[in-house]
Amino acid sequence: LTVALLAAESVLKIRIHLLQYVLSMSTPIVFYLLLLSLGEHVDFWIAYLVSAAAVIALLALYAKAVFRQAKAAAGIAVIMAIAYAVMYVILRAENFALLLGSLTIFAILAILMLMTRNLNQEQ
């Protein structure tokens, strides 16, 4: 999420206030609270789907208000939907969760390193 916000901030040339980062970064906490509380009453996949959808919708609406662009909000929503889908697959993999999680983090780090390799040269 932080990377998505930083990317949107850079591309759109709109500064995001520290409080807006803090509020956005609080959504994973809310996600897990929703997942835990809903999971006590419904199947895991339903709780996960509802929690992820609620958090993604909240972030998308907030991004639209902050950036004042539906395209930026949609981009952040897509990134978060992919992230929650990958996380669900990893959680369901049980025996391979650590391996899949490690490979996913490695791939994300490699992609970010490639994308930011010329960052200082552009300034």
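Side chains included, hydrogens not; waters and symmetry mates left out as well; all remaining heavy atoms used.
One hydrophobic cluster, built from ILVMFWY side chains closer than 4.5 Å, holds both M87 and W45. Taken together through direct or relayed side-chain contacts under 4.5 Å among Ile, Leu, Val, Met, Phe, Trp and Tyr, F44 and I46 form part of one hydrophobic cluster. Note: the hydrophobic cluster containing V50 does not contain L61 (ILVMFWY, side chain heavy atoms under 4.5 Å, direct or indirect links). With hydrophobic clusters built from ILVMFWY side chains whose heavy atoms lie under 4.5 angstrom apart, L19 shares a cluster with V66. Placement of Y21 and F67 within a single hydrophobic cluster is found when ILVMFWY residues are connected by side-chain heavy-atom separations under 4.5 Å, directly or transitively.
We find the CG-CG distance between L23 and L18 to be 9.5 Å, quoted to the nearest 0.5 Å. For the atom pair I56 CD1 and I82 CD1, the distance stands at 10.0 Å (nearest 0.5 Å). Of the inter-residue distances, the one linking L35 atom CG with L49 atom CG reads 11.0 Å to the nearest 0.5 angstrom.
By the 4.5 Å heavy-atom criterion applied to side chains, Y62 and I76 are not counted as neighbours.
Here the shortest heavy-atom pairing between L34 and A54 reads CD1-CB, 4.2 Å. Heavy atoms only, all atoms of each residue included: S24 and L59 are closest at O-CD2, 4.0 Å. Contact between A47 and G39 at its shortest, heavy atoms only, is CB-N, 3.6 Å. Taking each heavy atom of A73 and A60 in turn, the nearest pair found is CB-O, 3.2 Å.
Applying the ring-ring contact (aromatic ring centres under 6.0 Å, His included) test to Y84 and every residue at least two apart in sequence or in another chain returns F31.
Distance alone, capped at 3.5 Å, is enough to place a donor-acceptor pair between the Y48 side chain and the Y88 backbone.
Counting non-hydrogen atoms of other residues, nucleotides and ligands closer than 6.0 Å to OH of Y32 gives a total of 12 or fewer.
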Do any side-chain atoms of residues 89-107 form donor-acceptor pairs under 3.5 angstrom with protein atoms, and if so which ones, sequence neighbours left out?
residue: S102; atom: OG; partner: L98; partner atom: O; Å: 2.8
residue: T104; atom: OG1; partner: L100; partner atom: O; Å: 2.7

